[in-house]
Amino acid sequence: MITNVSLTSIWVKDIDESLAFYTDVLGFDVGDNIHVAEDFHWCTVTHPKQPELHLHLTTPSRPLSDDLIAAINRALDEGGMPGIGLNVDDCQSTYEELQAKGVEFLQAPAERPYGIEALMRDNSGNWIVLVEPREYTPETIQAGLGSSLEWCSPTYQRSGC
């Protein structure tokens, strides 16, 4: 029986640089950091409050096809890869702290039907959503959204929100 999610992968441009970003900037802990072979580096990070979930930082490489490797690298270069969502206690203060560390934000903290949200990029171009969650129901979400995408940032609107 499946008991939980233990690992998810995040495509990055450089494993060592991303390891530094996720640990030094975002406050994650090093999980595994093993150079298995000259061309294989297994690296994970974990959050101190959720150590059972490992984020696998990996570069696009074999056994992926050359076409897929190229497509992932293009998407990283364009800064449009979906990454992860992170809950925060205070979105505004987290935004200010990370902005002071040089993190690129696509969207400042903004009210949403489900909480306060900011959108940033990691050092490889992956989107990271910061959410200060609040209680919601399907009805409050629908009431907050209406029938338009006005609540979405321009970045989200381009992707269909």
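What you see is a predicted model; the values in this text were computed from it and never measured. In this chain, numbering begins with 1 at the start of the sequence shown.
The salt bridge (charged side-chain N to carboxylate O under 4.0 Å, His left out) check on E96 picks up nothing, with sequence neighbours excluded.
With contacts defined as side-chain heavy-atom distances shorter than 4.5 Å, the pair F28/L86 qualifies. Put simply, the side chain of N123 reaches to within 4.5 Å of the side chain of S18, judged on heavy atoms. Put simply, the side chain of I72 reaches to within 4.5 Å of the side chain of M81, judged on heavy atoms. Counting heavy atoms from C-beta outward, I116 and R134 have side chains that approach closer than 4.5 Å. In this structure, the side chains of W11 and P60 come closer than 4.5 Å at one or more pairs of heavy atoms. Taking 4.5 Å as the limit, some side-chain heavy atom of L55 sits within range of a side-chain heavy atom of T8.
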task: Could you give me the CA-CA distance, side-chain angles and deciding distance for R121 and L106, then say whether side-chain contact (heavy atoms from CB on, under 4.5 Å) is met?
output: CA-CA 7 Å; R121 283 195 175 119; L106 301 172; 3.4 Å; yes

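For the pair D122 (side chain) and S124 (backbone), a donor-acceptor distance under 3.5 Å is present. Proximity of a side-chain donor or acceptor of W42 to a complementary backbone N or O of H56 within less than 3.5 Å is not detected. In terms of modelled atom types and a separation under 3.5 Å, the side chain of N126 and the main chain of I10 share no donor-acceptor contact. Without hydrogens or angle criteria, E117 side chain to V129 main chain gives no donor-acceptor distance under 3.5 Å.
Here the straight-line distance linking atom CG of L76 with atom CG of D14 works out to 12.0 Å at 0.5 Å rounding.
When each of L26, V103, V88 is checked for a side-chain contact (heavy atoms from CB on, under 4.5 Å) with T94, only V88 meets the rule.
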